[in-house]
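Taking it in order: structure first as structure tokens, then the write-up.
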Amino acid sequence: MLRSFFLFLFLVLTSVVSQAQEIEVCKTCEVKTIQAAVDMAGDGDILRIKSGTYKEHEINIIDKSLKIIGEGLPVIDAEMQGTAISIRSENFSIEGLKIINVGRSHTNDFAGILVTNAKNFEIKNNRLDQVFFGILLERSSEGTVSGNIITSNAESQSTSGNGVHIWKSEEITVKNNEVIGLRDGIYLEFVNNSEIINNLCKDNLRYGLHFMFSDHDLYKGNIFENNGAGVAVMYSKFIDMQDNQFRKNWGSASYGLLLKEINDSELKNNIFEDNTIAISADNTNRIDYIENEFRNNGYAIRIRGAVYDNNFKRNNFLYNSFDVAYTGRLNNNKFSNNYWSGYSGYDLNRDGIGDVPFRPVTLFSYLVNKTPEAIVLLRSTFIDLLDFSEKVSPIFTPADLIDAQPQMKKIEW
């Protein structure tokens, strides 16, 4: 009886598999358009798109589990008419396509690939150029966006979209992508339990990566370079930030990392180099800053207000104009075992820890916060004297903000 059941099951599965077919699309094939191939395809079918240019837009895939493969990087030209591909399904993949000329609109979020209410999918190794939104995911889960190159020539925030835009989704992985010349490189809103790994986001108008109302996420191994600002994490919690590089995010309102209304998170093994402000923190609580390097920034850490119970440990502060800036005199954060290139203390017992505590907040940083024009006095002897007097007897800066165990040598990890 059991043997008969397994034989029946095998025959059923064999029948299902045998029904899957491969459909070729090309100018000389029986099927000449992608939409025609989609319409005739069934669940599990493979659509093999041959090299060439396909002037199509609003290619709709609904409730079909398809594998779409481009050979020789076939071009889908949406001719500025709207979205190129829209899909609402499960168990699908799209790879090897080049999508160009997505439409622009003030009222519609046109995208190269629009995914809605989808599950268990993969979008990989595609090229998207001259797009409004690149890849847009809505109400989806268990998906991977990997190896894609997304470029555009965004000129203003109001007339441009985001490279990878994810809304109200979970368990999404975005990895090994390049996003250049959009509004935000990668944008997450109401996105939980997701990972942003090994992406390059550069030359974007606003942020390289932007979190809003998203929890329990990881971003790791990414490079954020020459964006309006590197990363913004807002109104979120339990965000793990590791091994990223924040470089050359420079301008009057630029940050390497903007933290606003974020709690219970960790920032570890990141590099901040040549940013106007490496980290700007506002209303952030219980954040661990561990083994990060701040190198040649205007401000390394700029703390604005309502920032409590944060821990700064074993970080390197190297040749920043200001290592730490505070807007008030109250401190409820801990600095310990950091290396400060501006530390001039001594180590008589040679244990590698300075015998004199270090005060990272200078009077001059306080003055610049109050009067930005005072920055012209940077490096002057007069300012050095003011800073020295403030360290001896703090009046304007937090008296208890000290690193009691400053490291004598740069920390290696």
Side-chain angles (χ1 to χ4, degrees), residues 8-26 29-51 54 56-76 78 82-99 102 109-128 133-148 150 164-177 191-195:
F8 171 77
L9 184 62
F10 173 78
L11 292 173
V12 169
L13 291 174
T14 302
S15 174
V16 170
V17 171
S18 65
Q19 290 176 8
Q21 62 178 328
E22 184 171 308
I23 302 172
E24 289 191 349
V25 181
C26 68
C29 297
E30 182 179 344
V31 182
K32 294 178 172 54
T33 69
I34 300 171
Q35 185 64 66
V38 169
D39 292 343
M40 65 186 299
D43 271 350
D45 285 354
I46 298 173
L47 274 58
R48 197 170 297 277
I49 316 300
K50 299 293 186 177
S51 180
Y54 302 83
E56 300 183 56
H57 66 280
E58 302 299 343
I59 299 169
N60 289 307
I61 304 170
I62 300 175
D63 297 330
K64 290 184 178 182
S65 300
L66 303 178
K67 186 173 185 178
I68 300 175
I69 302 173
E71 290 190 349
L73 207 64
V75 176
I76 299 177
T83 291
I85 300 175
S86 298
I87 185 164
R88 187 185 70 202
S89 186
E90 296 186 4
N91 308 309
F92 70 85
S93 67
I94 300 174
E95 64 177 292
L97 302 178
K98 182 175 182 178
I99 299 173
V102 170
D109 294 339
F110 294 137
I113 300 173
L114 170 62
V115 177
T116 306
N117 294 313
K119 185 177 182 180
N120 190 26
F121 59 89
E122 188 170 24
I123 301 171
K124 64 180 181 179
N125 301 332
N126 301 285
R127 296 200 62 167
L128 296 90
F133 285 81
I135 297 171
L136 175 54
L137 312 181
E138 301 176 336
R139 297 181 180 274
S140 298
S141 63
E142 299 177 40
T144 299
V145 177
S146 65
N148 303 284
I150 306 172
V164 179
H165 185 111
I166 310 173
W167 179 75
K168 209 164 187 180
S169 299
E170 63 180 9
E171 296 183 45
I172 303 294
T173 299
V174 181
K175 64 181 182 180
N176 302 323
N177 301 282
V191 177
N192 301 324
N193 302 303
S194 296
E195 298 183 342

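Atoms considered below: every heavy atom in the structure, side chains included; atoms not considered: hydrogens, waters and symmetry mates.
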Is there a side-chain contact between [X] and [Y] in this structure, where contact means two heavy atoms from C-beta onward sitting under 4.5 Å apart?
{"X": "Leu47", "Y": "Val31", "result": "no"}
{"X": "Lys64", "Y": "Asp43", "result": "yes"}
{"X": "Ile68", "Y": "Ile61", "result": "yes"}
{"X": "Glu90", "Y": "Asn120", "result": "no"}
{"X": "Ile99", "Y": "Asn126", "result": "no"}
{"X": "Leu137", "Y": "Phe121", "result": "yes"}
{"X": "Val25", "Y": "Tyr54", "result": "yes"}

Within the side chain of [X], is there an N or O that forms a donor-acceptor pair under 3.5 Å with the backbone of [Y]?
{"X": "Thr83", "Y": "Ala111", "answer": "yes"}
{"X": "Glu56", "Y": "Gln35", "answer": "yes"}
{"X": "Asp45", "Y": "Leu66", "answer": "no"}

Heavy-atom closest pair, residues [X] and [Y]:
{"X": "Trp167", "Y": "Val191", "result": "N-CG2, 4.3 Å"}
{"X": "Gly96", "Y": "Pro74", "result": "O-CD, 3.4 Å"}
{"X": "Ser65", "Y": "Ser89", "result": "N-OG, 3.6 Å"}
{"X": "Ala78", "Y": "Gly82", "result": "CB-O, 3.8 Å"}
{"X": "Glu138", "Y": "Ser169", "result": "C-OG, 3.9 Å"}

Going from [atom1] on [X] to [atom2] on [Y], what distance comes out if it is rounded to the nearest 0.5 angstrom?
{"X": "Leu73", "Y": "Ile49", "atom1": "CG", "atom2": "CD1", "answer": "12.5 Å"}
{"X": "Leu114", "Y": "Leu136", "atom1": "CG", "atom2": "CG", "answer": "5.0 Å"}
{"X": "Glu142", "Y": "Lys119", "atom1": "CD", "atom2": "NZ", "answer": "4.5 Å"}
{"X": "Ser93", "Y": "Ile69", "atom1": "OG", "atom2": "CD1", "answer": "6.5 Å"}
{"X": "Arg139", "Y": "Thr116", "atom1": "CZ", "atom2": "OG1", "answer": "10.0 Å"}
{"X": "Asn60", "Y": "Asp39", "atom1": "CG", "atom2": "CG", "answer": "9.0 Å"}

Only residue of Glu71, Glu24, Glu95 satisfying salt bridge (charged side-chain N to carboxylate O under 4.0 Å, His left out) with Arg48 is Glu71
request  = Report the C-alpha distance between Ile87 and Phe92 in whole Å, list the side-chain angles of each, state the deciding distance to 0.1 Å, and finish with yes or no for side-chain contact (heavy atoms from CB on, under 4.5 Å).
outcome  = CA-CA 9 Å; Ile87 185 164; Phe92 70 85; 3.4 Å; yes
Of Asn125, Asn177, Val174, the one forming a side-chain contact (heavy atoms from CB on, under 4.5 Å) with Asn148 is Asn177
